[in-house]
Amino acid sequence: RVLIAQFLKDGRSGELAAFKNLPGVEIYPMKPVQGFVFAMNEEEKRLTMEEQCAQAQALKAHIEQIRPELIVLDELNVALSTGMLDREKAEALLDAALQCGDTVATGRNAPQWLVERADYVSEICAVKHPFQTEGLDARKGIEY
């Protein structure tokens, strides 16, 4: 059994469509985040942080209840590095996940304490991307 939760996303990312077709995969329903953190004003950042922290606590309880064998915490690293999730809540979530199964944390700028504790930490970076080379906007079915 696999559980996937996406931090700081709007719930429409392209990978979710593929994951929904795989047996044994549950997508945890995180509240969509509107916009990018760098473009938010201080009030939007505060509200987003409160929501992400509350969702991390609810996700922790869900993990403890269903005990999946693989937990993917997509963009957890970004949520931490942008201050949209505090370390205390993230550590509690990670501890619960590690008690159940293999735990994956994705996204850029993972803090060292998370790298040392999670089973897998990944960061995908564009070496070449049509955003840069051709000035393309995000395309439905490709980037989202």
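Computed from a predicted model, the values in this text were never measured in an experiment.
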- So which heavy atom on E75 is nearest to which on G107, and how close?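 Closest heavy-atom pair between E75 and G107: OE1-CA, 3.5 Å.
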- Query: Tell me, which pairs form a salt bridge (charged side-chain N to carboxylate O under 4.0 Å, His left out) where one or both residues lie in residues 99-112, sequence neighbours left out?
  - Reply: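 As it turns out, there is no salt bridge (charged side-chain N to carboxylate O under 4.0 Å, His left out) pair with a partner in residues 99-112 once direct neighbours are skipped.
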Could you grab the distance from atom [atom1] of [X] to atom [atom2] of [Y], nearest 0.5 Å is fine?
X: H62; Y: I71; atom1: NE2; atom2: CD1; result: 10.5 Å
X: M49; Y: D86; atom1: CE; atom2: CG; result: 5.5 Å
X: M84; Y: L76; atom1: CE; atom2: CG; result: 13.5 Å
X: N109; Y: L114; atom1: CG; atom2: CG; result: 12.0 Å
X: L47; Y: E42; atom1: CG; atom2: CD; result: 11.5 Å

- Message: Would you say V78 ends up clustered with F131 if hydrophobic residues are merged whenever their side chains have heavy atoms under 4.5 Å apart, either directly or through other cluster members?
- Response: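 No; V78 is not reachable from F131 via cluster members.
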- Pairwise ring pair (Phe, Tyr, Trp, His ring centres under 6.0 Å) hits with a residue in residues 93-115, at least two apart: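 For residues 93-115: none.
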- Message: Does anything in residues 65-103 form a ring pair (Phe, Tyr, Trp, His ring centres under 6.0 Å)? List the pairs, not counting sequence neighbours.
- Response: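 Non-adjacent pairs meeting ring pair (Phe, Tyr, Trp, His ring centres under 6.0 Å): zero.
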The criterion is side-chain contact (heavy atoms from CB on, under 4.5 Å); which residues satisfy it with [X], sequence neighbours excluded?
X: N21; answer: none
X: E64; answer: K60, A96
X: Q99; answer: none

- Message: So M40 and V33, do their side chains get closer than 4.5 Å, heavy atoms only?
- Response: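 Yes, side chains in contact.
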Expected output: side-chain [X] to main-chain [Y] donor-acceptor under 3.5 Å:
X: Q52; Y: L8; result: yes
X: E44; Y: N41; result: yes
X: T82; Y: L80; result: no

Can you name the residues that form a side chain to side chain donor-acceptor pair (under 3.5 Å) with [X], not counting sequence neighbours?
X: Q65; result: none
X: D74; result: Q6, K9, T106
X: E116; result: Q112
X: R1; result: E26

- Message: For the CD atom on Q132, are there more than 12 heavy atoms of other groups (residues, nucleotides or ligands in this structure) within a distance under 6.0 Å?
- Response: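 Counting neighbours around CD of Q132, more than 12 heavy atoms of other residues, nucleotides or ligands fall under 6.0 Å, so yes.
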- Item | Residue of the set N77, L73, T103 for which side chain to side chain contact (heavy atoms under 4.5 Å, CB included) holds with V121 |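 Of the listed options, the one satisfying the test is N77.
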- Cluster companions of I27 among Ile, Leu, Val, Met, Phe, Trp, Tyr (side-chain spacing under 4.5 Å):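 Besides I27, the cluster holds V2, I4, L16, F19, L22, V25, L70, V72, V104, Y120.
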- Item | Sequence neighbours excluded - side chain to side chain donor-acceptor pair (under 3.5 Å) pairs with any residue from residues 27-36 |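 For residues 27-36: K31-E51.
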